[in-house]
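Below: the structure, in structure tokens.
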Amino acid sequence: MEYIKANNLKLTKYKYPIEENLISDLINLIKNYLSGKKVNLYDKINDLNVHLNIKDEFSTDFALKVIDHLINVKYGEITSYSEIGKVIDSRAYRAIGNVLKRNPFPLIIPCHRVKRKNGVGGYMGKINNEWQQNLKKYLLKMESKI
DNA sequence: CTACGCTCAGATA
DNA sequence: TATCTGAGCGTAG
């Protein structure tokens with residue numbers, strides 16, 4: 001089993017040795033996804049026997065519950081901060097956002113599929129009309145959920 | 001302990 | 001409709 005840590009994705013420094021063809025497989029997956037192919041990235045990288053070291057990235061119990069639920073939100077599906085709250089039995093909607101804000105695997109851990117009750121909501125730490133939010137809207141539109 | 005935040009429902013105009 | 005308020009609560013520092 002092979003693990004990838006968040007900083008590995010910068011392709012600058014590897015904590016674990018990763019084969020070159022695995023990297024190109026990963027790149028192709030993401031290219032396919034961004035070009036509109038209906039692939040669920042999290043499942044696909046599991047198919048490549050790549051497993052994210054989630055427990056290293058999210059320390060608290062609360063955060064792990066949020067992420068555990070989120071990785072089961074598949075391509076084209078949608079959830080909301082309050083819906084996640086319902087599942088994990090918490091009303092800390094903003095705290096859920098604070099967890100997702102530190103998601104080291106955007107696209108793969110699909111925090112773009114978490115919408116605000118009224119509107120789209122923030123993405124990658126931003127709540128205003130920055131490029132991050134436009135990307136979130138783009139992804140949702142691509143998955144036909146806007 | 002404090003202050004903050006990818007939220008929400010309700011109030012107000 | 002749009003904008004404002006306070007409740008709510010987990011977390012980093």
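All chains are named by letter (A, B, ...) in the order of the sequence lines, taking the proteins before the strands, and each is independently numbered beginning at 1. Basis for what follows: all heavy atoms, side chains included, without hydrogens, waters or symmetry-related copies.
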A/Leu100 near the nucleic acid: base, sugar-phosphate alone, or nothing, with a heavy-atom cut-off under 4.0 Å? base
Contact class for A/Lys101 vs. all strands (heavy atom < 4.0 Å): base, sugar-phosphate, or nothing? base
Within this structure, what is the [atom1]-[atom2] distance for the pair [X] and [Y], rounded to the nearest 0.5 Å?
{"X": "A/Phe62", "Y": "A/Ile96", "atom1": "CZ", "atom2": "CD1", "value": "4.5 Å"}
{"X": "A/Lys38", "Y": "A/Ser144", "atom1": "NZ", "atom2": "OG", "value": "5.5 Å"}
{"X": "A/Tyr123", "Y": "A/Gln132", "atom1": "OH", "atom2": "CD", "value": "9.5 Å"}
{"X": "A/Asn28", "Y": "A/Lys37", "atom1": "CG", "atom2": "NZ", "value": "10.0 Å"}

Considering only [options], which nucleotide approaches the side chain of [X] most closely?
{"X": "A/Phe62", "options": "C/dT11, B/dA9, C/dC9", "result": "C/dT11"}
{"X": "A/Ala95", "options": "B/dC6, C/dC9, C/dT11", "result": "C/dC9"}
{"X": "A/Ala92", "options": "B/dC8, C/dT11, C/dG10", "result": "C/dG10"}
{"X": "A/Arg91", "options": "C/dA12, B/dC6, C/dC9", "result": "C/dC9"}
{"X": "A/Lys117", "options": "B/dA9, B/dC6, C/dC9", "result": "B/dA9"}
{"X": "A/Arg102", "options": "B/dC8, B/dC6, C/dT11", "result": "C/dT11"}
{"X": "A/Asn98", "options": "C/dA12, C/dC9, B/dC6", "result": "B/dC6"}

Same apolar cluster: A/Ile127 and A/Ile84, side chain cutoff 4.5 Å: no
B/dC6 base / A/Tyr81 side chain donor-acceptor hit below 3.5 Å: yes
Under 3.5 Å donor-acceptor pair, A/Arg94 side-chain atoms to B/dG5 base atoms: yes
Starting at [atom1] of [X] and ending at [atom2] of [N], how long is that distance when rounded to a whole Å?
{"X": "A/Arg116", "N": "B/dA9", "atom1": "CZ", "atom2": "C1'", "value": "11 Å"}
{"X": "A/Ile127", "N": "B/dG5", "atom1": "CD1", "atom2": "P", "value": "8 Å"}
{"X": "A/Asp61", "N": "C/dC9", "atom1": "CG", "atom2": "P", "value": "17 Å"}
{"X": "A/Leu135", "N": "B/dC6", "atom1": "CG", "atom2": "C1'", "value": "13 Å"}
{"X": "A/Asn118", "N": "B/dA9", "atom1": "CG", "atom2": "P", "value": "9 Å"}
{"X": "A/Asp89", "N": "C/dG8", "atom1": "CG", "atom2": "C1'", "value": "14 Å"}
{"X": "A/Ile84", "N": "B/dC6", "atom1": "CD1", "atom2": "P", "value": "15 Å"}
{"X": "A/Phe58", "N": "B/dC6", "atom1": "CZ", "atom2": "P", "value": "15 Å"}

Among A/Lys137, A/Glu143, A/Lys136, whose side chain to side chain donor-acceptor pair (under 3.5 Å) with A/His112 holds? A/Glu143
When Watson-Crick pairs (N1 to N3 and N6-O4 or O6-N4) and G-U wobble pairs (N1-O2 and O6-N3) count only below 3.5 Å on both distances, what is the dot-bracket string of DNA chain B, with | for other-strand pairs? |||||.|||||||
OP1 or OP2 of C/dC9 versus the side-chain N and O atoms of A/Ser90: is any pair under 4.0 Å? no
Short side-chain N/O contact from A/Ser82 to OP1 or OP2 of B/dT7, under 4.0 Å: no
Within 6.0 angstrom of A/Lys74 NZ, more than 12 heavy atoms from elsewhere: yes
Any side-chain heavy-atom pair of A/Ile71 and A/Leu52 under 4.5 Å: no
